[in-house]
Amino acid sequence: MVPSHAAAPVCALVLLCIIAFMLGTGRRGLVNLAGAWRHAYDERRATARDLAARLSSSAEERSIAVRMATLNERTRIARDIHDNVGHLLTRAIMQTEASKVVAQARGETDAAQALNDINITLQEAMSMMRRSVHDLADDGTDFATMIEDATQCPSTLKVQVTNGIANAPAPVARCCCALIREALANTVHHSHASHAEVTLRDFPAFWQIVVQDDGGNDSGMPGERRSYEHKRGMGLADIEDRVHALNGTCAFGSHGSGWRVFASIPKAGFALPSASRA
């Protein structure tokens with residue numbers, strides 16, 4: 001039996017032990033609660049970033065879809081004008097030529113001269129119509145403006161553009177813009193790059209497009225960049241299809257300190273756009 005004079009210290013010691021145990025348990029619970037809160041906060045931030053990336057990608061896809069629909073409609077209008085109005089003008093030119101020959105054979109000098117003037121006017125109308133059709137098919141936008149629009153990146157990624165191509169045919173211009181948009185979108189969504197360089201070169205026999213970022217390579221980012229080519233989806237496949245449709249070559253992969261998309265499009269078979277012809 002504990003003496004009465006020692007009971008108070010023992011009780012105090014037991015009480016302190018109980019309080020210390022309760023404090024320790026409470027502290028451990030608070031630590032666990034704080035950890036759970038930080039984990040939930042991190043998950044919420046990751047979800048918000050993923051949602052923002054999805055919304056940005058969706059907006060880019062809608063913008064590209066609208067632009068492609070506009071270009072397709074312009075091409076259809078240009079084709080209709082060329083096929084219908086061009087056919088009628090060609091027939092009128094042939095008719096005036098035949099009538100002029102008949103008038104000359106009959107000795108009707110004034111009529112032959114009038115028909116010749118009409119023929120010249122019709123040929124001028126045909127030339128103007130062809131220029132308008134080419135401008136409509138070429139989207140009526142200069143190449144530099146199209147590239148500037150394509151390199152506008154809705155993120156903190158800094159894009160440096162070196163454009164050595166003054167002008168290009170409409171199919172080549174659209175291919176370059178699609179390649180640049182997709183390459184920069186992949187850089188934003190699949191790497192930690194802070195800087196990207198877009199370089200366009202005009203060689204005598206071909207056009208060259210290069211998009212290089214500083215987002216790390218396989219050795220610098222083993223988990224992310226090594227699996228990048230497996231999760232790239234339809235974007236780079238679409239670039240390949242576009243470039244190959246123009247008889248060009250396309251390659252992409254780790255290069256230097258980051259990732260590079262490279263394309264080369266031959267000039268053979270393409271006529272210069274109207275701006276260059278002038």
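For reference, positions follow the sequence shown, starting with 1. Any value given below was found using the heavy atoms of this structure, including those in side chains, with hydrogens, waters and symmetry copies removed.
Side-chain contact between Gln113 and Asp117 is present, with at least one heavy-atom pair separated by less than 4.5 Å.
For Glu97, the salt bridge (Lys or Arg N to Asp or Glu O under 4.0 Å) criterion is met by Lys100, not counting sequence neighbours. With sequence neighbours excluded, no residue satisfies side-chain contact (heavy atoms from CB on, under 4.5 Å) with Thr121. Applying the side-chain contact (heavy atoms from CB on, under 4.5 Å) criterion to Met126, with sequence neighbours excluded, gives Leu89, Thr90, Ile93, Met129, Arg130. Considering only residues two or more places apart in sequence or on other chains, Asp241 meets the side-chain contact (heavy atoms from CB on, under 4.5 Å) condition with none of them.
Taking each heavy atom of Ile239 and Ala183 in turn, the nearest pair found is CD1-N, 4.3 Å. Closest heavy-atom contact between Ala112 and Gln104: CB-CG, 3.6 Å. Nearest heavy-atom pair, Ala150 versus Ile180, reported as atom, atom and distance to 0.1 Å: O-CG2, 3.9 Å. What you find for Val172 and Ala168 is that their closest heavy atoms are CG1-CB, 4.0 Å. The heavy-atom pair separating Leu200 from Val198 by the smallest distance is CD1-CG1, 3.9 Å.
Applying the under-4.5 Å side-chain rule to Ile, Leu, Val, Met, Phe, Trp and Tyr, the cluster around Val210 extends to Phe262. By the 4.5 Å side-chain criterion applied to Ile, Leu, Val, Met, Phe, Trp and Tyr, Phe206 is assigned to a cluster that also includes Phe203.
At least one donor-acceptor pair under 3.5 Å links the side chain of Asp213 to the backbone N or O of Trp259. Side chain of His190 to main chain of Asn186: no donor-acceptor pair is present (N/O by atom type, distance under 3.5 Å, no hydrogens or angles).
From Thr96, atom OG1 reaches atom CG of Leu115 across 7.0 Å, with rounding to the nearest 0.5 Å. Between the CG atom of Leu122 and the CZ atom of Arg91 there is a distance of 12.5 Å, given to the nearest 0.5 Å. Atoms CG and CD, from Leu179 and Glu240 in turn, are 10.5 Å apart once rounded to the nearest 0.5 Å.
Other residues, nucleotides and ligands place no more than 12 heavy atoms under 6.0 Å from the CD atom of Glu148.
The existence of a salt bridge linking Asp202 and Lys267 is confirmed by a sub-4.0 Å separation between a basic side-chain nitrogen and an acidic carboxylate oxygen.
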